[in-house]
Every structure is written in structure tokens, then in C-alpha cells.
Amino acid sequence: MGARETMAVSIMVSGVLCLLTPTMAAIHPLALATLRFAMGIMQGPAFPSLYCVLARWAPPEKLATMTTIAFSGMSLGSVIAMGSSQWVVNHLGWQWVFWGAGILGLLWTPFWIYFVRNSPCSHPLMSRHEQELLAPNLAIKPKRNVPWSRLLRCWRFYPAILAEFASSWVANQTTNQGPSFLKAQVGFSMEEVSFVLTVGQTCCWVTAFTFGLLSDWLVQGIHLTKVNARRVIHLIAMVMVVVGLGSVVLAGCHKWVVSAMMMVTMMGSSATLSSFTLTPMDIAPNYAGTLSGMLGIGNIGGFLAPIIAAEIVTQTGGWEASMLVCSAVYFLAGVLFLVTVTAEVQEWNDYEELPDSDDVE
């Protein structure tokens, strides 16, 4: 279909499903669960589509910056949602949380279709200067027949999947389970929890931009190799996450120390937008969408984390062990990524599996 069309369908259908959420909730919990499952299925192609677009539209020397700009929309959306949802519920009713999000998705779709093209050379609004700037990307052409045998044998990509697994674990621990931890363990009110998470997501938004600019500066400004720039950014992220989670445990019930360290952890996690998140575009830009889909396997950490955390909290009666397990998972996955990461374009990036003889006939 192409990345542009896939993204448009993904967000448009997700918007429609979001509009239907209150209706399904009124019918039956299973109806709501089914709708949410369908929404997850429809949102799955969004990230691979974005990778395909960025691989062709980001100037090579600005790849990290443009990627963080694009992906920082997640943090911005979280800030707006967390900051406005309480007001919307109080003044308009809880249904408008879902109706408002659905309407935004539907309003966004035509703008995406109008402004975005799969390839720079097919965009009617491109200036000559822009065409010259993106000339190196003209060789990037997504192929239909993925060389799966070679791709699956590329063992150096698998640590990036593990890094995504660990990052999803941390995101769940801080954003999804964070409110329960802050309220039950530390004694925050819901208003204080909302404030901490909103400020934390705002800091993530700023941090993502900062690390994107830093990554590109490391390559262009001080001529660090691309792979070493990825290592430096991920090392900084590791330190922030591991120290942040460890400090949360040591801080006990000191509210604002815990809050500050939670924010440090969230900011460290957002820094990885300039490390392993770029791996698909670094090693195989022609197959960036496919590799992004494989990278998404790491999101398993997002639903394993609450199951394991619940068991640990039940067994120990506190959140400390859960935080330390999360920190250990992130540290181990990060070390493996630092040791094995590569930013070299793989030779199979230019390959394409030949169709079967029956298809040729």
C-alpha cells in the first residue's frame, strides 16, 4: 500500500474505534475489550509506516533529530491527554475523553494525506533546494519481497529488540503502574500523581529533542562515528534509568525526591529514541518498516511488566523489588546493545527475494 496510505488507514480507523468506545462500554465489558483489541491491531502498522517515511524524508545528517521530532508527538499527546482529561471528565463527561481523541484522529487524517508522500520526488510542493538536500535518499526504495532468510540471520539486530523490550518494561513501570505506586506506596493524592506524570511527560518531550540534536551533533560536529554516537546516547539513557529507579527505592516515602527520580527515569527512557530506535533505518533503510515491525516484538515487555510486578508486590508487600527488577532488566539489555550495536548498512539491504516460479508464470 505504501507507508503514507497505511498510516492514514491506521489512524483513521483507530479514530473511528475510539469514537465507538463509550458505546461498546455500555453494551458489555467483552465488547469493550474486543474493540480495544481491534484498536491495537489497527495501531500496530503506524510505527512501521513512520519508519518508512522517515527513512526517505530525513536528511542523513539529521536522522536522529527528525526521528525524535516525529516520535516526540507521543509525549506531547500524553501531556495533553493527562493534563486535560480530568477537566474533560468533570465538565463534559468521561465519554468525551474518547470522543475528543477520536475526532482528533479523523481531523488529522486528511492533513496527512495532503502533505505527505511516500517519496520526496513525488511531492508537488518540493523546492529545488529540498530536492538537492534529500538527493542521497533517492536510492532508498522499499521492496516488496523481503529477504527474510538473510534478515532473520542478522543477529546484531536482535539486541535492539531486547532493548525495546526493556524500554517498554520501564515505560510501563513509570507511566502505567506509576500512579498506583505513587498513590499506594508513597502516599500521593490523585492530583499530585497527575502533576508528576504530566511534568514527567513534558520533560520527556524536551529531552527527546535534546538527545536527537546531541546525537546528530556528535556525528557532524565532533565527527564521532554513527555507531559510537548511538552508544553514547544509550549509555546516558542507561545511567539515567538505572540511577533513577535505584534512587526511587532508596528515597522511601520522600515524596518529591521520588517524583524527581521518576522524572529522571522517564527522561532517560525517552533518550533511546536516538539510540536503538534508529537501528532499522541505520542497517537497512530499504526495509526500515519491516525491521520496525520486528522491533515492536519488544513491546511484549509492556504487558509482561504488570504481570510480574503484581506478583512481586503481592509476594513482598512493597514496590522496591519490582523497581529493582525493572532496573536490572534495563541494565542487562542495555549492556548487550552497547556491545553488539552496529550502524553499518547490511549487504542484504539491496537484496530482494525472487518470487516463486509459479508467480513468474
I want to check something: taking the side chain as every heavy atom from C-beta on, are [X] and [Y] in contact at a cut-off of under 4.5 Å?
| X | Y | value |
| --- | --- | --- |
| W169 | I300 | no |
| L197 | T175 | no |
| P280 | L295 | yes |
| L332 | L336 | no |
| L273 | T67 | no |
| W256 | V196 | yes |
| E344 | V227 | no |
| W94 | P22 | yes |

Hydrophobic cluster membership, with links at side-chain heavy-atom distances under 4.5 Å among I/L/V/M/F/W/Y: are [X] and [Y] in one?
| X | Y | result |
| --- | --- | --- |
| I308 | I297 | yes |
| V239 | M261 | no |
| L106 | L17 | yes |
| L213 | W217 | no |
| L162 | F276 | no |

Any donor and acceptor pair, going by atom type alone, linking the side chain of [X] with main-chain N or O of [Y] inside 3.5 Å?
| X | Y | result |
| --- | --- | --- |
| T277 | S274 | no |
| D216 | T65 | yes |
| S167 | A163 | no |
| R4 | R117 | no |
| S215 | F211 | no |
| T6 | G2 | yes |
| S327 | M323 | no |
| Q220 | L218 | no |
| S269 | T265 | no |
| Y158 | L152 | yes |

Next item on the list: Go through L35 and T21 one step at a time and tell me if the side-chain contact (heavy atoms from CB on, under 4.5 Å) criterion holds.
Entry: CA-CA 7 Å; L35 180 138; T21 298; 3.4 Å; yes

Crowded around [X] [atom1]? As in, over 12 foreign heavy atoms under 6.0 Å?
| X | atom1 | answer |
| --- | --- | --- |
| E5 | CD | yes |
| F47 | CZ | no |
| F71 | CZ | yes |
| W96 | CH2 | no |

Margin query: Quick test of your reading of the model: are K255 and E192 salt-bridged, counting only N-O distances below 4.0 Å?
Written below: yes

To the closest 0.5 Å, what do you measure between [atom1] ([X]) and [atom2] ([Y])?
| X | Y | atom1 | atom2 | result |
| --- | --- | --- | --- | --- |
| T207 | I236 | OG1 | CD1 | 11.5 Å |
| M263 | T202 | CE | OG1 | 9.0 Å |
| S168 | L304 | OG | CG | 10.0 Å |
| R36 | M24 | CZ | CE | 13.0 Å |
| S14 | W108 | OG | CH2 | 10.0 Å |
| I283 | C154 | CD1 | SG | 4.5 Å |

For [X] and [Y], work out which heavy atoms get closest and say how close.
| X | Y | value |
| --- | --- | --- |
| A305 | N172 | CB-OD1, 3.8 Å |
| L338 | R231 | O-NE, 2.8 Å |
| M7 | A46 | CE-O, 3.2 Å |
| P120 | M126 | O-CG, 3.3 Å |
| S270 | C204 | OG-O, 3.6 Å |
| M281 | A288 | CG-CB, 4.0 Å |

Checklist line | T279 versus D282, side-chain donor and acceptor atoms under 3.5 Å | finding: no

Margin query: With no hydrogens and no angle check, just 3.5 Å: does a side-chain donor-acceptor pair link E130 and S127?
Written below: yes

Indicate the ring-plane relationship of [X] and [Y], choosing parallel, tilted or perpendicular according to the 30° and 60° boundaries.
| X | Y | answer |
| --- | --- | --- |
| F111 | F115 | parallel |
| F337 | H234 | tilted |
| H91 | W87 | parallel |

Margin query: Between I11 and W112, is the side-chain contact (heavy atoms from CB on, under 4.5 Å) condition met? List the steps.
Written below: CA-CA 10 Å; I11 302 300; W112 171 268; over 6 Å; no

Check: S85 and V88: side-chain contact (heavy atoms from CB on, under 4.5 Å), yes or no, with the steps?
Finding: CA-CA 5 Å; S85 291; V88 171; 5.5 Å; no

Check: S322 and Q173: side chain to side chain donor-acceptor pair (under 3.5 Å), yes or no, with the steps?
Finding: CA-CA 9 Å; S322 175; Q173 190 83 28; 3.0 Å; yes

Margin query: F181 vs V258, test: side-chain contact (heavy atoms from CB on, under 4.5 Å). Steps then yes/no.
Written below: CA-CA 10 Å; F181 164 72; V258 171; 3.8 Å; yes

Margin query: Apply the hydrophobic cluster definition, ILVMFWY joined by side-chain contacts under 4.5 Å directly or through others, and give me every member besides I69.
Written below: L76, I80, W205, F209

